Amino acid sequence: MSDEQEPPRDLNVGILALQGAFAEHQVMLKKLNLRHRIVIILVRTQEDLAKCDALIIPGGESTTIALLARLAGLLDPLHEFKKTKPIWGTCAGAILLAESVENAKKGGQELLNAISISITRNGWGSQIESFEAPLEVEGLRESERPFHGIFIRAPVILSLNTSLTGEPIQIISRISTGLLPSSQTVVPTDEDDTDPRDPRTIVALKQGRHLLTTFHPELTKDNRFHEYFVTQCVIPSLRDHA
Ligand code: GLN
């Protein structure tokens, strides 16, 4: 059944609200104009999480978010959540979704291992840690119109790894190398025959029900990424569990 034929329903979308740009995500979700009603849940406890059909983990500081999640008793419930429900991580949230992280906090930092990638924190270097760039994004509404990517001490994807679940990774956006901070040299590699380009140029991807962006769609006025998450991850996942 296509979405058009389904009766409208309530979608309970949680936003992890421990630290970072959770309020900005809330504003963006409120602006969505879909057939289904979005019920926004600011998640701070296990009880909040239990009400959610999907979760957004905002940008902020991944080490702090992970620590606060542990203190709130949310880490184990989040590990369970990821097995059946969609999670979208933006920037710091993307780090939390990864399988492994470089440049982690001393002593290590906890990850949810929901998407089989390796990532490095603050990967675009200390010289220019923040920059903005227009992005082409596959599958976005009006995809010919570039999405304004805001990168703030952004993580960088180092490798796409094989997932235990066998879910393929779908690359939905790459930054063109000419738009990177000038201190960065991203060279094409020949390691992967199917896509020989450097994984560090990947800035948005989807694996199964989960979505990851290394930039901050919540800091723009453009809610097409929020719409993408709801229509491409949340609704299909609810349909699978219906
Ligand atoms: N550098 C931050 C971290 O490691 C992420 C920055 C951000 O979310 N804007 O968590």
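Remember, it's a predicted structure, so these values are computed and weren't measured experimentally.
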Is there a side-chain contact (heavy atoms from CB on, under 4.5 Å) between Thr90 and His25? Walk through the geometry before answering.
CA-CA 10 Å; Thr90 61; His25 273 294; 3.2 Å; yes

Give the C-alpha distance, both sets of side-chain angles, the deciding distance and a yes or no for side-chain contact (heavy atoms from CB on, under 4.5 Å) between Ile235 and Arg239.
CA-CA 6 Å; Ile235 293 172; Arg239 205 176 287 143; 3.3 Å; yes

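A salt bridge does not link Asp240 with Arg209: every distance from a Lys NZ or Arg NE/NH1/NH2 to an Asp or Glu carboxylate oxygen is 4.0 Å or more.
Scanning both residues, Arg174 and Thr201, for their nearest heavy atoms gives NH1-OG1, 2.7 Å. For the residue pair Cys233 and Leu211, the shortest heavy atom distance occurs at SG-CB, 4.1 Å.
Atoms CD and CG, on Glu80 and Leu49 in that order, are 10.5 Å from each other to the nearest 0.5 Å. The CG atom of Leu55 sits 13.5 Å away from the NZ atom of Lys82 when rounded to the nearest 0.5 Å. In this structure, CH2 in Trp88 is found 13.5 Å from NZ in Lys206, a value given to the nearest 0.5 Å. Distance check, rounded to the nearest 0.5 Å: CD of Glu102 to CZ of Arg121 gives 12.0 Å. Taken from OG1 in Thr213 to CD1 in Ile202, the straight-line distance is 13.5 Å, to the nearest 0.5 Å. Atom CG of Asn113 is separated from atom OG of Ser163 by 9.0 Å, given to the nearest 0.5 angstrom.
Under the 4.5 Å side-chain contact rule for hydrophobic residues, Phe81 and Ile41 share a cluster. In the hydrophobic clustering of this structure, Leu112 does not group with Leu164; members are Ile, Leu, Val, Met, Phe, Trp, Tyr whose side-chain heavy atoms approach within less than 4.5 Å, directly or through other members. Connection of Val27 to Phe225 is not established within any shared hydrophobic cluster, with ILVMFWY side chains joined at heavy-atom distances below 4.5 Å, either directly or through further cluster members.
Pairs of residues two or more places apart, or lying in two chains, that qualify as side chain to side chain donor-acceptor pair (under 3.5 Å) and include a residue from residues 147-156 are Glu129-Arg153, Glu132-His148.
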For a quick test of your reading: what N or O donor-acceptor pairs under 3.5 Å do the side chains of residues 7-23 make, sequence neighbours left out?
{"residue": "Asp10", "atom": "OD1", "partner": "Arg37", "partner atom": "NE", "Å": "3.1"}
{"residue": "Asp10", "atom": "OD2", "partner": "Arg37", "partner atom": "NH2", "Å": "3.0"}
{"residue": "Gln19", "atom": "OE1", "partner": "Glu61", "partner atom": "N", "Å": "2.9"}

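If you look at Phe147 and Tyr228, their ring centroids are not closer than 6.0 Å.
Each of Ile169, Ile115, Leu205 was scored for a side-chain contact (heavy atoms from CB on, under 4.5 Å) with His210, with one residue passing: Ile115.
Residue Leu219 is found in a hydrophobic cluster whose other members, listed by chain and number, are Ile150, Ile152; membership requires side-chain heavy atoms under 4.5 Å apart, directly or through intermediates.
Put simply, the side chain of Gln26 never gets that close to the backbone of Ile40: no donor and acceptor are under 3.5 Å apart.
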